[in-house]
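Here the structure is laid out as structure tokens; the discussion comes afterwards.
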Amino acid sequence: MDTKSTPPPRPHQIPNPSRPDFLACWAAASPSKPMLAFHFLRALSRIHGVTTVRRRTRTIRRAAYSSMARAASPRRAWSRALLGQARARRSRTLTGRAVLLRRRRVTAAAPPQPSSPASRSATIIAARGEISTAAARPLPPRQEGEPPRADALRRLVPGGAGMEYCSLLEETADYLRSLRAQVQLMQGLIDLFSCQ
Amino acid sequence: MSSRRSRSRQSGSSRITDEQISDLVSKLQDLLPEARLRSNDRMPSSRVLQETCNYIRSLHREVDDLSERLSELLATSDMSSAQAAIIRSLLM
């Protein structure tokens, strides 16, 4: 073994997409803390100029969720759902025709998802101003063996309404990890600010 | 449970097995804050889902509360010096 500072990676350490546990490794990886901090701090630094406390609170909260979604892998459905909600909220200020054009562009450019009709209706309903994805739309028929509590979970996890039960559990775990990291980040920032 | 047995008999085409689901549920249980207090014994999945919902709701509330405190702090403190301090602490 040579004594260089960066030894060449051994072949079995390079993530190989054909290996069956590749996805498992990626799925189990915790959210990257520096990326989370980068996105959140960048969003915070754009806030200057908003004067009222309530509006700033709302902006900070939205920046928290958007930066959380950006730091996560775009493979995650909750991340795409959060960013779609943020986009729809911004497009609410546009006129009707511009909203239609943007909606068509968004659904054409979105990666093919397993439950595409549900996600398209989710985008449309999100563009109408619904923050929660499943509030105005009947939930998909409950799958076999799925406990009744899963409905509440679908409402809580962004983008959870159109998923199968299995992916819902996975997305929930990843969403929980990211949420916890985001809360820790914000708590750390507050401690840092209040110590000055 | 008889329902689970009958389901597995007819789930020849579905790739999702009960073991996969219970594996995911136990992963969720490990994420919950009370998982360290308990003996890591398997809770019933309905209880895991219930606790997960409560935990997510409490985290949402905490995000709201922290954003409010952050917004108050940002109003009073000087942004540029705070940013420099943060970046310094992140890099070192």
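By convention in this document, chain letters (A, B, ...) are assigned in the order of the sequence lines, proteins followed by strands, and residues within each chain are numbered from 1. None of these values were measured; they are calculated from a predicted model.
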Closest non-hydrogen atom pair, B:Ser67 against A:Ile60: CB-CG2, 3.7 Å

Between CD1 on residue B:Ile21 and CG on residue A:Leu168, distance to nearest 0.5 Å: 10.5 Å

Interatomic distance, A:Glu171 atom CD to B:Leu24 atom CG [nearest 0.5 angstrom]: 11.0 Å

From B:Cys53 atom SG to A:Leu153 atom CG, the distance as rounded to the nearest 0.5 Å: 4.5 Å

B:Leu28 portion near chain A, given a 4.5 angstrom heavy-atom threshold: side chain

Minimal non-hydrogen separation, B:Ser71 against A:Thr57, with atom names: OG-OG1, 3.2 Å

Derivation and outcome, side chain to side chain contact (heavy atoms under 4.5 Å, CB included), residues B:Leu70 and A:Phe40: CA-CA 12 Å; B:Leu70 257 184; A:Phe40 190 51; 3.9 Å; yes

Top contributor to chain A contacts, counting heavy-atom pairs under 4.5 Å, from B:Leu59, B:Leu66, B:Thr52: B:Leu66

Close side-chain approach of A:Leu179 to B:His60, heavy-atom, < 4.5 Å: yes

CG on B:Asp65 to CD1 on A:Ile190, rounded to 0.5 Å: 7.5 Å

Side chain proximity check, A:Thr172 to B:Leu49, heavy atoms < 4.5 angstrom: no

Residue pair A:Arg180 / B:Leu31, side-chain heavy-atom distance below 4.5 Å: yes

Hydrophobic cluster identity match, A:Tyr175 and A:Leu83, side-chain contacts under 4.5 Å: no

Gap separating the CE atom of A:Met186 from the CZ atom of B:Arg69, nearest 0.5 angstrom: 10.0 Å

Separation of B:Glu68 CD from A:Arg56 CZ (nearest 0.5 Å): 11.5 Å

